[in-house]
Amino acid sequence: MDKTPGTSRPVRFRGGGFAPRPLGLVGALVFITIIILWELGSRTGVISALVLPAPSEAYVAFEELVRSGLLWKHLSASLQRLIIGWSSGALLGVLVGVAIALFSFARAGLVPLVSAIFPVPKIALLPLFIIWFGIGEGAKVATILFGTFFPTVIATYSGIDNLDRSLVRMGQSFGLSWFSIVRKIILPGALPAILSGFRISAAVAIILLVAAEMIGAEFGVGAYILMAGSLMATDQLIAGVAMLSCMGLTVAWLISRAEKYLLRWRR
Amino acid sequence: MDKTPGTSRPVRFRGGGFAPRPLGLVGALVFITIIILWELGSRTGVISALVLPAPSEAYVAFEELVRSGLLWKHLSASLQRLIIGWSSGALLGVLVGVAIALFSFARAGLVPLVSAIFPVPKIALLPLFIIWFGIGEGAKVATILFGTFFPTVIATYSGIDNLDRSLVRMGQSFGLSWFSIVRKIILPGALPAILSGFRISAAVAIILLVAAEMIGAEFGVGAYILMAGSLMATDQLIAGVAMLSCMGLTVAWLISRAEKYLLRWRR
Amino acid sequence: SAADKVKLGALRFTSHSGGFVAFENGYFKDAGLDVEFVYFQAATPMAVAIASGDIDFGVTSITGGLINLAGKGAIKVIGGALHEEKGIDGSAILASTKAFADGLTSPDKLKGRSLGITQTGSSFHYMAAQVAKKEGFATSDIKMKPLQKVGAIIGALKSGQVDSMIIVPHIAKPLSKAGKAKIIGWINDYAPYQVTTIFTSTKNASGKKDLVKRFVGAYSKGIADFNRVMLNQKADMAATDAMVKQIHKYVYASRPYAKAAPSIKNGAMRISKNASLDLTDVKKQLDWFQSEGLVSKSITIDQLVDSSFVETY
Amino acid sequence: MDLNIQSLGHYYSDLEILRNINLDVPAGQIVAVIGPSGCGKSTLLRMIGGLEQPTSGAVLQVGETPNDSLNPLTYIFQDFALLPWRSVAGNISLVLEDHKLGSAEVDEIIENVLSRTKLGDFRDAFPHQLSGGMKQRVAIARALAVRPAVLLMDEPLSALDSQTHDLLMDDLIDLWMREKFTSVYVTHNLSEAVHLGHKVVVMSRRPGMITEVVDIDLALDTRKDHPELLIEYQQHLWNIMRDEVRAAELELVDG
Amino acid sequence: MDLNIQSLGHYYSDLEILRNINLDVPAGQIVAVIGPSGCGKSTLLRMIGGLEQPTSGAVLQVGETPNDSLNPLTYIFQDFALLPWRSVAGNISLVLEDHKLGSAEVDEIIENVLSRTKLGDFRDAFPHQLSGGMKQRVAIARALAVRPAVLLMDEPLSALDSQTHDLLMDDLIDLWMREKFTSVYVTHNLSEAVHLGHKVVVMSRRPGMITEVVDIDLALDTRKDHPELLIEYQQHLWNIMRDEVRAAELELVDG
Ligand SMILES: Nc1ncnc2c1ncn2[C@@H]1O[C@H](COP(=O)(O)OP(=O)(O)OP(=O)(O)O)[C@@H](O)[C@H]1O
Ligand SMILES: Nc1ncnc2c1ncn2[C@@H]1O[C@H](COP(=O)(O)OP(=O)(O)OP(=O)(O)O)[C@@H](O)[C@H]1O
Ligand SMILES: [Mg+2]
Ligand SMILES: [Mg+2]
């Protein structure tokens, strides 16, 4: 402190960083910019009107949907399928994932099965699905369930594989029951991986709405998109796709909330 | 040691477990069992021959494919699309995932975009893909690229989010460059999550072969399946699906090898 | 001078044989056209590929999608292909065995029954509407089940998930023979009906009239050969076999000839002579699509069809 | 409950870690284990606690476990092993939840062990918000919460400042006076060893063998009154370990 | 290079951790910091090293950093901070790779620091195959590898047995005799503090303030010859800390 301040300088700050802060408005801004550019592109003819209509046209189609009262019918049909299909697929996926991660037999028997069945395109199996589950709600929910099940399984067992076993040993040393160890040590430890798996499987579930509603669906956002596609009614197509995007945004937001609460212990 | 051995017993072993051991043959056994049961079911008529042919019939179709020399044409066309599409999708996905995980702006701008675009079904956008990329290889590769990009992004940034930042601080305290920290601390730390993302995205890529080869493909396993489907040639359909399964198994095996080597430091 | 390069979109179906035969017999080359086939797995991408300029010509049924693309000024129908007429095998109406046993024995009983179709606005939808109209009930009295794919519809029919469907003869006949379904009527009873058409981009139709003319001419020669041999197969077995062999290069190519030949033979349907177009029926179809609200009311027949290339009636 | 270790040996793949360990841990005694870093002390402790299986030999328990103990053989881990997603209180309640205790009783136990380890203010903090010494105290509190009959402690006071260290050592002595628990106490601090151990086991470098067992015949609660005696013991232990190192160095030179 | 800490204070959200810390760390001196667990020693060290930003006040560096040092301000972390996916040698080469050294030179440095920390046999072991003390030695080896001008050490010898501990302490003294590095040395071991510190800073309980700074005017290399003097200093420090605790307890009673 007896040094002249001229020769001294603060120690360079080297820490911090590598941890992005939320910038709430940027996301909205990006969307608005894209939509404005798209609209401008369409109006000036840079974007061919042939297949990609202007956002405003899609909005008109959407308004039509609202006016006719069909929006709610489509949405409620799809949401119901989504919620049932995704939640049962995710639940089963976590259960099977845990089994694979913990039992030698389950791992040896199921991992190859998962690897072999996951890559089979649901669309190719539509005829079989119809035979198995009929053309009612069963087949539609099953399609979504199938699609969400596999990514959840993989995310879950990889997440558990990646846990440091020393915490498990601690649990064993305190005589915790097997079930307690799974519930209180393994599942919370794998939770970040499971939630990231949910992000993926929820998006896959929404994608599969279209495949699911290929099976004799009268209402549903997927059915609406399919019809628009076969009629080349691109304005309706974009309106339908935008609805799926909104669902995706909503789900992503919900998972973010869940992460913020459940993973608040992360530094 | 002066106690009589009668009153003493070994301390109960409480450790171990929670780490499945490989049981090599079980996987093969499961497949063989399923195929035998299926064949029996088909022969006895329990499984209707209408939509699900016996494995032996599918095998005949496959043999026919081998004999006609078309197998290699289909396989090579599909593998090429898969490899180019998946590897560029995965590479881009990791890059964007890292950007999202590390830069506030990228996170704020891209996460909502990813959440909004990921759930859009590729099939619905086929017309747009044709306009954008034509009907050549471009559109097919782009379809696969799109499909693998998003899950990889999510797996990567979630994996990085889940890293303990104290190792990063260590790197900073030794004056490592930003690039070194990312390459030597962040990426290896997120590698387990990224590899699990690869498992998912590779399966998705195989699924999307069918969608990709809807776009004016002459050869390719997906095209073969589509044709078989439209001709109701279920034997060929199953043969094609079995090829996709084999691809899935191969990729899963490769990733397991990679995990065993790259993650040998895990206990 | 060098031959003009032309890309022809095709599905690997017997109904596209006109083009295959014309190519095999060198008619395109004779017309100074270097034709390259581009294969599709579905009709919609083919229509889009014409709109985007990736291919020049295509053949497929008139659907809402096709009309809408025409309405946007992207494509034009320039000729006819498959045409349903009385007396020649065409698409059949099938009932599931269950529904048949339950009394669905003829098309007039379709009222209140379910019918599997690929999509709203598809040719199946249109045909069903024609049946309903003639039999005297509303289209909405048939429960349409959109199942996207022919394969899916067949699966649903076999397992009794839908009561009925409409399908090409080479699929209908074996199904019926095997007792998996019952033929209860023929679409040609509701004829005439222009099933498929030849179409090209508006740019070609207005800017390369000569090329389009030459293409239609060569294609017509292929149609003539096909009709002569395949609609009268018993007359000349040797010629039939020769043509089936030609077609087998394109259709069912992945199956051995012995297995493919019956399907190809069964699948032979009349293709319009000289690619002539039943403009009256096309107008009727356009009206129907408009009345159902599936396509824009503002689309006119002139936007859809350029009748300067073939004979229309 | 006595513990009886019989000719125990252990390998990690080709590396011999422990060789022919024979040791008696009589009920109600604290056995301190000292030895050079990496000689296998933690490994030995894991085997005594049944967390790892020795390549050869066995660990026997003689006599019955007391009934009032929630977890007879209890660990304090060298690396703390706290669940990062549970608060301080949550980490302690974790080990109580499987026993059917009323929530009031659980709260009371937590309150008690937290105050004994001076962590009352940090009930709801997450581990990443704690200093190194505080984490170690949580690990101690957690072990005390289950009323162990045998305490297996792996350098339990290593991260603590001298004040807190002495405080908690006194607490352990008090606890022992009251409950006469059995313990294996791994430490690198010779003073800790002579303050707490009824006998002190000196281990050799890897492969770890028992070099000597020193009995300290002084009541735990009176040891503070005989600092000179303790220093003598400490010096003795020091000499054994120095000789061991010398021998090892000679071996290196000769070999 | 001197370090100059000026009225530094820090909060974690509402919790005051450090209050008005003023401290001079002259070039070529070792400043030992002692204080109760959780008083903010590690936090202070992170701020000196530029890894965290204080809520108020500043850390200034006076004078130039020497040129031959690869990383002037170098840490030894309390929790070791080893990369689990790199071997022992890999963890050390990590901090050398960014400097353009030949691979022969890197190998030589690694060889040197590993032999100094007696880890030569464990070059290729992964961290999970190491004992606690071995991990700590890897952390020390890594810090030595970059020829630091200022060493910030957070209880660097806490997990080591007394033999290894003394050995590495002697090594540090030798190193200081040769290179006269500057250092802030956090420890809870009073004997370490008086053996290594040119001055010893005593901190109070949270919020951490400086209670006293004790200068020890004995050359580092001669201290071993004056055990009685060191014990005296140690006793003095002990008294300060005890008084501090007493005061705190009184405060509690009064408050
Ligand atoms: N990230 C954080 N968030 C909130 N509080 C924290 C955080 N990190 C440390 N603390 C608090 O800061 C205080 C000081 O912590 P610090 O690690 O500096 O203590 P210390 O003096 O090093 O203790 P020890 O000797 O036990 O290592 C502690 O009370 C701790 O609870
Ligand atoms: N999982 C493992 N795989 C291979 N070697 C291991 C493993 N765990 C420990 N070791 C080795 O076993 C030896 C003994 O380790 P242990 O942790 O028991 O030592 P320790 O006596 O507790 O040492 P410290 O006092 O440093 O904690 C060490 O040489 C270590 O390298
Ligand atoms: Mg140890
Ligand atoms: Mg600390």
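Quick note: numbers below take in every heavy atom, side chains included, and nothing from hydrogens, waters or symmetry partners. Proteins get letters first, then strands, A, B, ... in listed order; numbering begins at 1 in each. For clarity, every value in this text was computed on a predicted model and none was experimentally measured.
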Query raised in the report: In terms of heavy-atom contacts, does CZ of E:Phe126 have more than 12 from other residues, nucleotides or ligands at under 6.0 Å?
Result: yes
Report summary line: CG of E:Leu73 to CZ of A:Arg12, rounded to nearest 0.5 Å, is 9.0 Å
Requested in this report: Please determine which of E:Val59, E:Asn4, E:Leu51 meets the side chain to side chain contact (heavy atoms under 4.5 Å, CB included) test together with A:Val11.
Outcome: E:Val59
Requested in this report: Would you indicate whether A:Tyr59, at its atom OH, is surrounded by more than 12 heavy atoms from other residues, nucleotides or ligands within a distance under 6.0 Å?
Outcome: no
Query raised in the report: Can you tell me if CZ on A:Arg264 sees more than 12 non-hydrogen neighbours from other groups inside 6.0 Å?
Result: yes
Report task. Using non-hydrogen atoms and a 4.5 Å limit, figure out which bit of E:Glu52 sits close to chain A: side chain, backbone, both or neither. Result -> backbone
**Report entry** Donor-acceptor contact present, side-chain A:Arg9 to main-chain E:Leu60, <3.5 Å
**Finding:** no
Requested in this report: Using a cut-off of 6.0 Å, state whether more than 12 heavy atoms not belonging to E:Tyr11 lie near its atom OH.
Outcome: no
**Report entry** Region of E:Leu3 that comes under 4.5 Å of a non-hydrogen atom in chain A
**Finding:** side chain
